[in-house]
Student: 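Got a structure here, written out as structure tokens. Questions coming.
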Amino acid sequence: MNVVILAAGMGKRMQSALPKVLHPLAGKPLLQHVIDTARLLRPSKLCVIYGHGGAAVPEMVAKLATSGEAPIDTALQQPQLGTGHAVMQAVPQLDETVPTLVLYGDVPLTTSDSLRRLVDAAASDKLGILTVEQANPFGLGRIVREDGRIVRIVEEKDASETERAIREINSGILVVPTRHLKRWLAALSNNNAQGEYYLTDIVAQAVADGVEVVSASPAGEWEVAGVNSKVQLAELERRHQLNIANALLEKGVTLMDPSRIDVRGELICGRDVTIDVGCVFEGRVELADGVTVGPHCVLVNAHIGAGAQIKPFCHIEQATVGPKSQIGPYARLRPGTELGEDVHIGNFVEIKNSQVAAHSKANHLAYVGDATIGSRVNIGAGTITCNYDGANKFRTVIEDDAFIGSDSQLVAPVTVGKGATLGAGTTLTKDAPAGKLTISRAKQMTIEGWSRPVKKPK
């Protein structure tokens, strides 16, 4: 099958310099949603028609090139003279021996199941249209039937009063035998209210040529909803997120409020997972069995082990959290963080590019960067690893059973030996030997005769 995706529109109502089809929905461009769905159908040819936005659309398409997938071609429509004119730009790239499916870059939520039903209904010799009945079809092309058979599509501006009363609308998505499509496109006229070449006019040509016109319908109206404004984009965002939430609920995930979750990628959940309100998941996030995620957390490309508890207002990015660990509230795990089993990372603690082994804890107000930390280590409040000298990064090693007193600074590269203790307020610039107390403190002094300054009278 050939797939042609129309993505040339300017999108004036978006009030943005960004081409309409590149606006994000659930964290990825509208056009990418359509391409991803099209690829599920395993097309032999895939062509994106672009216009406004210069090189931005082809550049985005080029980034989606994947080995093993059909290559994505692009064709420029300039000027934009309607949907029929847009498909004309793809004609040189189409394989006549297979049907052509036409999709739209601003209609992101059509499912592959609905498209397969359409393709199956059309087979190799019929023209198939994805249609839906709407209570308020204003502004949309109507499906005109005679004796139950589709005979043509009429646009709102060209429709009679009787035709405007029809509730079955054309989604614009159709599949056509390519050998007929090329001939019908060449015969299109722009003698209409808009002065454009309507792709929908091929329906009347199909009827005249004795080619049967059939239809299929999606599971919901939202599958054929397009985006022409930020209002519509926001509406589809919530629809999409609700679809994701419902799928999670069906799999047994507990969502404290299904209307307050945002998944901008892939969220994989085990059994008995609970997610509180306001959480955002980006990239690929895995939550193992029994994980609890508190309110207003952001997880990006993260793996959370079984039974772990993520308390409110945590930010976890490109990090791994071990089983039964407790994170937060207000903790930040940055890229390269790997936590073992039963690790406690408390409020206002930041970990970056570090490994923390089982049963260790940093419960308050600490920064751990570029460090390797053993098991059963206690990191006191206010501790920081000084890993950066302004030009280069250095590593800190803290071995098993060490105790780091509050308000300590570990100036890397430095090693704290197994079972060592650092006294509170220590600035460690040399290795601390195993099993011993190391302390670095200025001598405490009381200054006799000192008095606190007071303001001078004006």
Side-chain angles (χ1 to χ4, degrees), residues 276 278-279 292-300 302 304 308-322 324-390 393-417 419-429 432 437-442 444:
D276 215 320
C279 292
T292 298
V293 182
H296 306 292
C297 292
V298 177
L299 279 70
V300 182
I304 312 299
Q309 182 179 7
I310 312 301
K311 297 178 182 179
F313 299 101
C314 291
H315 191 289
I316 301 174
E317 181 178 1
Q318 296 181 37
T320 299
V321 175
K324 301 179 183 178
S325 292
Q326 295 186 37
I327 311 299
Y330 297 100
R332 184 182 182 195
L333 306 183
R334 291 172 56 192
T337 296
E338 298 177 14
L339 307 183
E341 182 179 2
D342 185 36
V343 170
H344 291 201
I345 303 298
N347 48 281
F348 305 105
V349 175
E350 179 181 351
I351 313 285
K352 188 269 293 186
N353 191 32
S354 298
Q355 297 76 48
V356 183
H359 314 298
S360 291
K361 57 187 179 181
N363 280 330
H364 329 273
L365 302 161
Y367 169 70
V368 177
D370 299 296
T372 301
I373 298 174
S375 297
R376 299 172 300 279
V377 170
N378 182 87
I379 296 178
T383 295
I384 63 170
T385 56
C386 306
N387 57 324
Y388 183 52
D389 67 358
K393 300 285 182 70
F394 298 92
R395 198 153 194 89
T396 297
V397 176
I398 303 174
E399 296 180 350
D400 296 349
D401 299 303
F403 183 97
I404 311 300
S406 297
D407 197 30
S408 293
Q409 303 89 47
L410 284 68
V411 183
V414 71
T415 296
V416 178
T421 298
L422 296 192
T426 293
T427 298
L428 191 72
T429 57
L437 170 64
T438 298
I439 188 167
S440 167
R441 258 184 218 160
Q444 182 171 317

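One is the number of the first residue; the rest follow in order along the sequence. Quantities reported herein were computed from a predicted structural model and do not represent experimental measurements. Values reported hereafter were calculated over all heavy atoms of this structure, with side chains retained and with hydrogens, waters and symmetry mates removed.
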Student: Grab the two heavy atoms, one from Val377 and one from Gly374, that are nearest each other, plus how far apart they are.
Tutor: CG2-O, 3.6 Å
Student: Which pairs count as ring pair (Phe, Tyr, Trp, His ring centres under 6.0 Å) when at least one residue sits in residues 370-389, sequence neighbours excluded?
Tutor: none
Student: Taking all non-hydrogen atoms of both residues into account, name the closest pair between Gly328 and Cys314 and its distance.
Tutor: CA-SG, 3.5 Å
Student: Just by modelled atom types, is the Gly369 backbone N or O under 3.5 Å from a matching donor or acceptor in the Thr385 side chain?
Tutor: yes
Student: Could you give all pairs that pass the side-chain hydrogen bond (donor to acceptor under 3.5 Å, both in side chains) test and reach residues 339-349, with sequence neighbours left out?
Tutor: Asp342-His344, Asp342-His359
Student: Where do Gly340 and Ser325 come nearest, in terms of heavy atoms and distance?
Tutor: O-OG, 3.0 Å
Student: So, Ser354 side chain and Ala371 main chain: donor-acceptor pair closer than 3.5 Å or not?
Tutor: yes
Student: Could you tell me which non-hydrogen atom of Gly405 sits nearest to which non-hydrogen atom of Thr383, and how far apart they are?
Tutor: O-OG1, 3.4 Å
Student: I need the Ile373 CD1 to Glu399 CD distance, nearest 0.5 Å.
Tutor: 12.0 Å
Student: Please collect all side-chain hydrogen bond (donor to acceptor under 3.5 Å, both in side chains) contacts where either partner lies in residues 328-339, sequence neighbours excluded, each pair once.
Tutor: Arg334-Glu350
Student: Is there a side-chain contact (heavy atoms from CB on, under 4.5 Å) between Arg376 and Asn378 once you walk through the steps?
Tutor: CA-CA 7 Å; Arg376 299 172 300 279; Asn378 182 87; over 6 Å; no
Student: For the residue pair Ile345 and Val321, establish whether any side-chain heavy-atom pair is separated by less than 4.5 Å.
Tutor: no
Student: Kindly write out the residues that satisfy salt bridge (charged side-chain N to carboxylate O under 4.0 Å, His left out) with Asp400, not counting sequence neighbours, or none if the list is empty.
Tutor: none
Student: I need the minimum non-hydrogen distance between Thr426 and Ser440, along with the two atoms involved.
Tutor: OG1-N, 3.2 Å
Student: Please tell me if the side chains of Leu339 and Ile327 come closer than 4.5 Å, counting only heavy atoms from C-beta onward.
Tutor: yes
Student: Name each donor-acceptor pair under 3.5 Å that joins a side chain in residues 361-368 to protein atoms two or more places apart or in another chain, with its distance.
Tutor:
from, atom 1, to, atom 2, distance (Å)
Tyr367, OH, Asn387, ND2, 3.4

Student: Taking atom OG of Ser408 and atom CG of Leu428, what is their separation to the nearest 0.5 Å?
Tutor: 8.0 Å
Student: Look up atom OG1 in Thr292 and atom CD1 in Ile310, then write down how far apart they are to the nearest 0.5 Å.
Tutor: 9.0 Å
Student: Might you point out which heavy atoms bring Ala432 and Ala420 nearest each other, and give the distance in Å?
Tutor: O-CB, 4.5 Å
Student: In the structure I gave you, are the side-chain heavy atoms of Leu410 and Ile398 within less than 4.5 Å of one another anywhere?
Tutor: yes
Student: How many angstroms lie between atom OG1 of Thr427 and atom CG of Leu422, to the nearest 0.5 angstrom?
Tutor: 10.0 Å
Student: Can you pull out every side-chain hydrogen bond (donor to acceptor under 3.5 Å, both in side chains) where at least one residue sits in residues 309-321? Sequence neighbours excluded, please.
Tutor: Lys311-Gln326
Student: Got a second to check how far Ile379's CD1 is from Ile351's CD1, nearest 0.5 Å?
Tutor: 6.5 Å
Student: Say you draw a straight line from CG of Asn353 to OG1 of Thr372; how long is it, rounded to the nearest 0.5 Å?
Tutor: 8.5 Å
